[in-house]
Protein chains: 2
Amino acid sequence: MIAQHLSESTEMYLKAMAELSDHDNVVAIARLAERLSVTAVSANEMMRRLGEQGLVTHTPYKGVALTVKGREVACNVVRRQRLWECFLYDHLKIEWSQLYELACSLEHATAPEVTEALDLFLGHPKTCPRGNPIPDADGLFVPLSGIPLSEVEVGKTVRVLAVNATAKDVLKYLFERNLLPGHEVKVIEAAPLQGPLTLRLDGKNKDVALGLSLAEFVVVEENSNQ
Amino acid sequence: MIAQHLSESTEMYLKAMAELSDHDNVVAIARLAERLSVTAVSANEMMRRLGEQGLVTHTPYKGVALTVKGREVACNVVRRQRLWECFLYDHLKIEWSQLYELACSLEHATAPEVTEALDLFLGHPKTCPRGNPIPDADGLFVPLSGIPLSEVEVGKTVRVLAVNATAKDVLKYLFERNLLPGHEVKVIEAAPLQGPLTLRLDGKNKDVALGLSLAEFVVVEENSNQ
DNA sequence: GGGAATAATAAGGTCAACCATATATAAATT
DNA sequence: AATTTATATATGGTTGACCTTATTATTCCC
Ligand SMILES: [Mn+2]
Ligand SMILES: [Mn+2]
Ligand SMILES: [Mn+2]
Ligand SMILES: [Mn+2]
């Protein structure tokens, strides 16, 4: 059970699986390939390799799932990622939209000693600047109990819990519109035919239009007022 | 002149060259291979590749040297390395002997924004915890004007400027004997036939024996008292 | 100058992680 | 049931960074 060093590629596949997996923890290989900007053939090959290492299981035509061991690794990568996001944001004052990308490099170069010392230095933060929970050293964390902004009923006001996007341009776009953890959003209108939402941020009077696919990245509280 | 991402391997070769190069900046490929724990054939192959990229020049049977471009990259890697050493030591309280190794991983995963923000966060440190100078953003630094402890005359007392070792066990060994930057060392005796030195640390009365090859790693002030 | 040591090159191989193109198979839809 | 779509697998290739085992070329030293 000694943790030999896994490649950056391996870690990224496992992390992507943790981020994309639904209720039953299954991910379609095509989704994975998409997320990692890799062909489906490459993702399939990689899943075979990870399968041989006991990190994933593949049920053909159904999808792949993390094993216990695989999930352990994935949670640890997520932990490193989000701790670095905290450090980069709170101490280095790095731009919010760049946090994911910059931390995504550091996460693979971070030894356990550094991870734990960083966690202590940061005061054991519970969430990263994008609002997502930080797994503890054992991989445990309280999952977000929210829903995507895209599923909120028109007229309701909700609070943003987290932003799940990873692409810099998407994060920049959301940041510029103040769609950040802690902010309040009222859904004024939902255009038909999968059209954009019209949102009111923090009770301001200037409204914001947001495409549905972008709204899927924004996780909000389920319990709303009004 | 846009800095495309160089591989970890490339950065390590260039850094090793900067660390090993003598007055005329030339390094024997065999020394490089040794340092990087790689066969001479592999190092030769790599030098060909780096030559094609304009990072090094190879004069057969003489050695390799960094080009201006290559030196620029190398200094930047050293900068990242030593800034991380500062952070790990001063803020994360990581053990001194582990600093090099842990920072050596992080250095390759550090974007320019992070490097510069880290430098600012640390207050633009001039040296790393091992006593070596930190190049500035342009790659400039004042080289250490010291000599190896192995070359100090018997009877002289000198101050340690820096420790150039990188291996964890060597660093641990030196740390346990207090051979650290800032400490004073008197050379009591030098055994014949490349035998060990007998040292007196900080005027204490308990003496320390140190092999000559280890003493080469310890850089001390040239100007000594007594 | 000649031999020993050192350095370089040649040749052939491995391995991880990617690629494209083609074919096979299962699932979903009409 | 038949067709379309999604998924998987089979082949064959590439690249970077390693390896081993020769063989050749140069430099160093006696
Ligand atoms: Mn990453
Ligand atoms: Mn904690
Ligand atoms: Mn390194
Ligand atoms: Mn500075």
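Please read these numbers as outputs of a predicted model, since none were measured by experiment. Convention: sequence-line order gives letters A, B, ...; per-chain numbering from 1.
- A salt bridge links B/Arg31 with B/Glu34; the closest basic N to acidic carboxylate O contact falls under 4.0 Å.
- What separates CD1 of B/Ile29 from P of C/dA5 is a distance of 22 Å, to the nearest Å.
- Using a 4.0 Å cut-off on heavy atoms, the residues of residues 50-62 of chain B that approach DNA chain C are B/His58, B/Pro60, B/Tyr61, listed by number.
- As a whole-Å value, the separation of A/Glu8 CD from C/dA16 P is 17 Å.
- Listed candidates were C/dA20, C/dA17, C/dC18. Nearest to the side chain of A/Val41 is C/dA20.
- When each of A/Leu66, A/Val68, A/Thr10 is tested with A/Leu55 by the rule side-chain contact (heavy atoms from CB on, under 4.5 Å), just one qualifies, namely A/Thr10.
- For DNA chain D, the span of nucleotides reached by chain B at under 4.0 Å from its heavy atoms goes, 5' to 3', from D/dA17 to D/dT27.
- Distance, A/Leu36 CG to C/dC18 P: 8 Å, rounded to whole Å.
- Distance B/Glu45 CD to C/dT9 P: 11 Å, rounded to the nearest Å.
- Taking 4.5 Å as the limit, some side-chain heavy atom of A/Arg80 sits within range of a side-chain heavy atom of A/Glu11.
- In this structure, A/Arg49 atom CZ and C/dC15 atom C1' are separated by 9 Å, rounded to whole Å.
- The side chain of A/Ser42 places no N or O atom within less than 4.0 Å of a non-bridging phosphate oxygen (OP1 or OP2) of C/dA17.
- Taking the six-membered ring for Trp and the full ring otherwise, A/Phe217 and A/Tyr173 have centroids separated by 6.0 Å or more.
- Rounded to an integer number of Å, the gap from A/Arg48 CZ to C/dC18 C1' is 13 Å.
- Here the P atom of nucleotide C/dA16 and the CD atom of A/Gln4 are 13 Å apart, to the nearest Å.
- Salt bridge A/Glu116/A/Arg79: present, at least one basic N to carboxylate O contact under 4.0 Å.
- Ring geometry, B/Phe121 versus B/His91: the interplanar angle falls from 30° to 60°, so the pair is classed tilted.
- Using a 4.0 Å heavy-atom criterion, one finds that B/Ala30 contacts the sugar-phosphate atoms exclusively.
- A/Ser9 has no side-chain polar atom (N or O) that falls below the 4.0 Å cut-off from OP1 or OP2 of C/dA16.
- Note on ring orientation: taking the six-membered ring where Trp is involved, the planes of A/Trp84 and B/Phe87 are tilted (angle from 30° to 60°).
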Please walk me through it: do A/Asn164 and A/Glu19 pass side-chain contact (heavy atoms from CB on, under 4.5 Å)? CA-CA 9 Å; A/Asn164 270 328; A/Glu19 284 170 353; over 6 Å; no

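- A/Met47 has its CE atom 12 Å from the C1' atom of C/dA17, to the nearest Å.
- Partners of B/Asp24 according to the side-chain contact (heavy atoms from CB on, under 4.5 Å) rule, which considers only residues two or more places apart in sequence or in another chain, are B/Asp22, B/Val26, B/Lys62.
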